Amino acid sequence: MLAEWMIRPSGPLRGRHAVPGDKSISHRVIIIGAMARGTTRARHLLLSEDCRRTIKAFRALGVRVALSGDTVTIASQGIEAWQAPAGPIDCGNSGTTMRLLSGVFAGCPWRVMLTGDASLSRRPMRRVAVPLRLMGARVAGRVRRGEVYPPLRIHGGAIHPLRYAMPVASAQVKSAVLFAGAQADGVTAVREPQPTRDHTEGLLRFCGAAIRRRGAWVRLIGPVRVRPRRLVVPGDLSSAAFLIVAGLIVPGSHLVLQDVGVNPTRTGLLTVLRRMGARLRLCARAAHGWEPRADVEVSASALRGVAVGGALIPNLIDELPILMVAACAASGRTVLRGVGELRVKETDRIESMVAGLSRMGAAIRATRTRASGDVVTIDGGVPLHGAIVDSRGDHRTAMSLAIAGLLARGATRVRDVACVDTSFPGFAATLRACGALIKA
Ligand code: S3P
């Protein structure tokens, strides 16, 4: 039987809580640590299913990756010492693993096959195949109606730098090109249509790379000699997001989420929640030369609807499902425009969230317009009721619907929740520690 949660309307949520390490940063720490010559050590690494896939991939290349609690030690002799893997590399459910490793392997002189689970096998890979082919790598996948799907076969080697204007705002594509460019001789430049998370740039720079942003372009001088470093991964704002919204919408709540990454390319949710009237503060700010971090303090607030679109969307792409839940609790209408990328996540998150929240009585609908692309409209303030809802195998849908359940009258059952280990192992226990009624 698939694992499920039972959630009941809960009293005030309280306390100081830690959230697991940032998923995007953890993947990059493993990759960049394996590229470095020497020993990289990082604390508070996220040891979720997705990040374990990236660790396993490098072990298959002969890189020594040791785990002790949430500390990882990566001992590598640099890229030249990597060995061709004996078999396919299984990226599981992790799009980040597949797309970032495509770029890394584009520079390696051997053939590799990247596979994934049923969900990942449906996700578009043309966006990475196109630039990597332009750099000289051979990248082949399953082709259907012009799109490229996993499994991906990559035959890398002597690649050259590229100047590339990305058609989609995607940090994964940008990172793939930069990781390939880090192994090419000369300047690789990537242009983003809208700014996306810049963890690859930040960590590469911290590890010695000459990499700079000028306007919409990021420029990297290759080949990069990556230096090993000591790192502490900040808490994942995308995981804290569920607790932040819970603290805002459950009456009487007051929560502090400790040591959360607040890189400005990731804090779009906080910007929008403030516009909605959230009582939200960043305290104990710290920025030690690398990723900025802070404690996020929230108190239950009367939220009002907002219109969100444009350049803010990539900045809160993973938080859109939980923002839909906040919008249900707000007064008035919320309109989310240009959210089409949600259709190609671990599941179609527009469909999964509209289906789940509608079953709970929310006034939510999805439309498509020529000017704004995919649009989700929510009329807030409609009381939610408990229902049986389905994650569709998507971790962020599961956690968002669980938070909606805290507000609903009666019990909510969220089905198929094992997927939550993708990004937030221990989510139910953390929510329970805040005071929520959630039973696994
Ligand atoms: C990620 C980038 C985003 C995000 C994903 C993680 C990353 O994907 O949705 O969860 O770590 O670079 P896209 O690059 O597809 O927007």
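Here the structure is a predicted model, which means the values were calculated and not measured. Order of listing sets the numbers, starting from 1, for every ligand and every atom in it.
Of the candidates H199, K23, H27, R28, it is R28 that places a heavy atom closest to atom 7 (C) of ligand 1. When the heavy atoms of L342, L320, D318 are ranked by distance to atom 9 (O) of ligand 1, first place goes to D318.
A salt bridge is defined here as a Lys NZ or Arg NE, NH1 or NH2 lying under 4.0 Å from an Asp or Glu carboxylate O, and D394 with R349 meets this definition. With respect to D236 and K23, no salt bridge is recorded, no charged nitrogen being found less than 4.0 Å from a carboxylate O.
Judged purely by atom type and a 3.5 angstrom limit, R275 uses its side chain to pair as donor or acceptor with the backbone of A307.
The distance from ligand 1 to the heavy atoms of R99 drops below 4.0 Å at these ligand atoms: 15 (O). Of all the atoms in ligand 1, the ones that sit under 4.0 Å from a non-hydrogen atom of I317 are 9 (O). For ligand 1 and T96, the ligand atoms under 4.0 Å from any heavy atom of the residue are 6 (C), 11 (O). The contact set between ligand 1 and A171, taken as ligand atoms under 4.0 Å from a residue heavy atom, comprises 12 (O), 14 (O). Remark: ligand 1 atoms within the under-4.0 Å shell around heavy atoms of K345 are 3 (C), 4 (C), 8 (O), 9 (O), 13 (P), 15 (O), 16 (O). The distance from ligand 1 to the heavy atoms of S24 drops below 4.0 Å at these ligand atoms: 1 (C), 6 (C), 7 (C), 11 (O).
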Would R41 and T73 satisfy side-chain hydrogen bond (donor to acceptor under 3.5 Å, both in side chains), going step by step from the backbone distance to the final call?
CA-CA 5 Å; R41 189 161 297 136; T73 306; 3.2 Å; yes
Check step by step if salt bridge (charged side-chain N to carboxylate O under 4.0 Å, His left out) holds for E192 and R213.
CA-CA 11 Å; E192 319 191 76; R213 165 176 285 278; 2.4 Å; yes
Please lay out, stage by stage, how D259 and R293 fare under the test salt bridge (charged side-chain N to carboxylate O under 4.0 Å, His left out).
CA-CA 6 Å; D259 196 31; R293 49 190 93 209; 3.6 Å; yes
Residues H199, S24; criterion side-chain hydrogen bond (donor to acceptor under 3.5 Å, both in side chains); working and verdict
CA-CA 7 Å; H199 306 304; S24 291; 4.9 Å; no
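The protein heavy atom nearest to atom 14 (O) of ligand 1 is S170 OG, 2.6 Å. From the protein, the heavy atom lying nearest to atom 1 (C) of ligand 1 is Q172 NE2, 3.5 Å.
Between K174 and ligand 1 there is no heavy-atom distance shorter than 4.0 Å.
F242 and F427 have perpendicular rings, their planes meeting at more than 60° on a 0 to 90° scale where under 30° would count as parallel.
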